[in-house]
> 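Below is the structure I would like to discuss, written out as structure tokens.
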There are 2 protein chains.
Amino acid sequence: MKEIEMFLENKKVRPTAMRILIYKYMAEKEIAVALTDIENAFTKADRTTLYRTLKTFEENGIVHQIDDGTGISKYALCEKGCNCEIEQDLHLHFHCSNCNETVCLTEHKIPHINLPEGYLAADVNLVVKGICEKCGGQ
Amino acid sequence: MKEIEMFLENKKVRPTAMRILIYKYMAEKEIAVALTDIENAFTKADRTTLYRTLKTFEENGIVHQIDDGTGISKYALCEKGCNCEIEQDLHLHFHCSNCNETVCLTEHKIPHINLPEGYLAADVNLVVKGICEKCGGQ
DNA sequence: CAATAAATGCACTTCCATTGCATCATATAA
DNA sequence: TTATATGATGCAATGGAAGTGCATTTATTG
């Protein structure tokens with residue numbers, strides 16, 4: 001608990017009770033979460049607070065937003081080898097069409113992409129859709 | 001005109017006036033279009049018709065839907081080397097953050113992605129964000 | 001403790017995707 | 001050719017998610 005508090009302070013984010021809880025929640029989950037997920041987990045809190053907490057986390061490099069193709073923004077902690085500020089270090093995401101869960105494959109970096117002459121890359125998003133390990137045996 | 005008609009028939013889509021016009025519109029555009037774009041181009045037609053036309057086209061392999069990360073679905077014709085049914089032939093998309101246009105880079109295939117044990121890929125989506133050729137000189 | 005700034009909650013808006021149902025057009029069978 | 005069925009189109013409405021403005025509460029600092 002104290003660690004989270006210190007971690008948030010390091011990231012220049014005031015460690016309010018709500019923020020600590022949300023961080024804890026996301027740390028316990030192995031998968032990327034949507035705003036709605038957090039909303040369901042913290043029914044007492046207001047949607048806007050949760051929304052703005054995620055935005056604050058994102059701005060301060062605590063979480064990264066994931067567009068997994070479902071149309072719903074997901075968020076995941078920037079830990080375990082995720083250096084999302086550095087372009088070359090972008091990892092890929094996997095979305096399971098069975099359980100509908102999205103995971104960060106942090107060890108799997110996006111290969112270098114060649115672009116046509118004149119195109120300048122700033123960001124790359126790679127999402128693989130399929131069946132995840134958990135659902136594989138079905 | 002007749003060609004489009006025959007093309008649609010080949011794809012098992014009834015070549016109505018509206019559909020021919022929409023196909024023509026998309027063929028003339030070099031970029032991926034959103035439903036709203038088509039709506040603005042055909043103000044006489046109803047949004048729903050346009051929406052369902054795109055869905056019909058998609059189901060019959062005439063267009064493919066693109067998720068370029070803007071949160072708005074784009075569509076582009078499946079021509080010029082786009083075999084979107086075949087997994088290995090997926091091309092990548094480029095979204096320009098300046099002009100906000102999305103293009104298919106059909107010659108640029110997505111490299112093979114290694115996944116962890118137990119994961120099964122069915123589909124891959126790769127979007128590069130940055131500055132396009134047209135906007136590069138600014 | 002007072003003053004200031006930040007965080008939270010509430011209400012509301014907007015935008016896009018999607019669906020149900022009625023109506024219209026077209027193709028096919030009688 | 002007409003009746004019938006099937007598909008296409010139009011209208012209205014819904015739902016979900018993102019985002020914003022403002023009031024209120026909470027925390028920080030002097």
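Lettering follows sequence order; numbering is per chain, from 1. Just so it is clear, the structure is predicted and the values come from calculations on it, not from any experiment.
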> State whether K44(A) places a side-chain N or O below 4.0 Å from either non-bridging phosphate oxygen (OP1 or OP2) of dG9(C).
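For dG9(C), neither OP1 nor OP2 has a side-chain N or O of K44(A) closer than 4.0 Å.
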> Ring centroids only, cut at 6.0 angstrom: are H93(A) and H95(A) within range, meaning strictly under it?
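Aromatic pair excluded; centres sit 6.0 Å or further apart.
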> Whole angstrom is fine here: how far is it from NZ in K55(B) over to C1' in dC16(C)?
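Spelled out: NZ on K55(B) to C1' on dC16(C) is 12 Å.
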> Please confirm whether the shortest side-chain N or O distance from S73(A) to OP1 or OP2 of dA18(D) is below 4.0 Å.
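So the side-chain polar atoms of S73(A) do come within 4.0 Å of the phosphate oxygens OP1 or OP2 of dA18(D), strictly under.
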> Can you label the angle between the F57(B) ring and the Y23(B) ring as parallel, tilted or perpendicular, going by 30° and 60°?
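F57(B) and Y23(B): perpendicular rings.
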> Under 4.0 Å: is that the gap between some side-chain N or O of T48(B) and OP1 or OP2 of dT19(C)?
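So the side-chain polar atoms of T48(B) never come under 4.0 Å of the phosphate oxygens OP1 or OP2 of dT19(C).
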> Just how far, in rounded Å, is P of dA17(C) from OH of Y75(B)?
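Whole-Å distance recorded here is 6 Å.
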> Ignoring backbone atoms, establish whether R47(B) has a side-chain N or O less than 4.0 Å from OP1 or OP2 of dA17(C).
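So the side chain of R47(B) is within the cut-off, an N or O lying under 4.0 Å from OP1 or OP2 of dA17(C).
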> Out of dA17(C), dT8(C), dC10(C), which nucleotide sits closest to the side chain of L35(B)?
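Output: dA17(C).
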> Which heavy atom in H108(A) sits nearest to a heavy atom in N114(B), and how many Å separate them?
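The answer is CD2-O, 2.7 Å.
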> Atom CD1 of I72(A) to atom C1' of dC16(C): distance rounded to whole Å?
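Between C1' of dC16(C) and CD1 of I72(A): 13 Å.
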> What nucleotide, of dT18(C), dA27(C), dT8(C), holds the atom closest to the side chain of R52(A)?
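Nearest listed nucleotide: dT8(C).
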> Distance check needed: dG7(D) P versus E59(B) CD, whole Å only.
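Taking CD of E59(B) and P of dG7(D), I get 13 Å after rounding.
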> Between Y51(A) and dG19(D), is there a side-chain N or O to OP1/OP2 distance below 4.0 Å?
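It does, given that an N or O in the side chain of Y51(A) lies less than 4.0 Å from OP1 or OP2 of dG19(D).
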> Kindly give the heavy-atom pair with the smallest separation between S73(B) and Q65(B), and that separation in Å.
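For S73(B) and Q65(B), the tightest heavy-atom pair comes out as OG-NE2, 2.7 Å.
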> Look at the side chain of T36(A) and decide which nucleotide, out of dA17(D), dA7(C), dC10(C), has an atom nearest to it.
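Closest nucleotide to the T36(A) side chain: dA17(D).
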> Check the orientation of F94(B) and Y119(A). Use parallel for under 30°, tilted for 30 to 60°, and perpendicular for over 60°.
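Ring orientation of F94(B) relative to Y119(A): perpendicular.
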> So, OP1 or OP2 of dA7(C): does either fall under 4.0 Å of a side-chain N or O from T49(A)?
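No, outside the criterion.
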> Side-chain donor or acceptor of R19(B) under 3.5 Å from a matching atom on the base of dG7(D)?
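Donor-acceptor pair under 3.5 Å: no.
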> Under 4.0 Å between a side-chain N/O of T16(B) and OP1 or OP2 of dT9(D), yes or no?
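Checking T16(B) against dT9(D): at least one side-chain N or O falls below 4.0 Å of OP1 or OP2.
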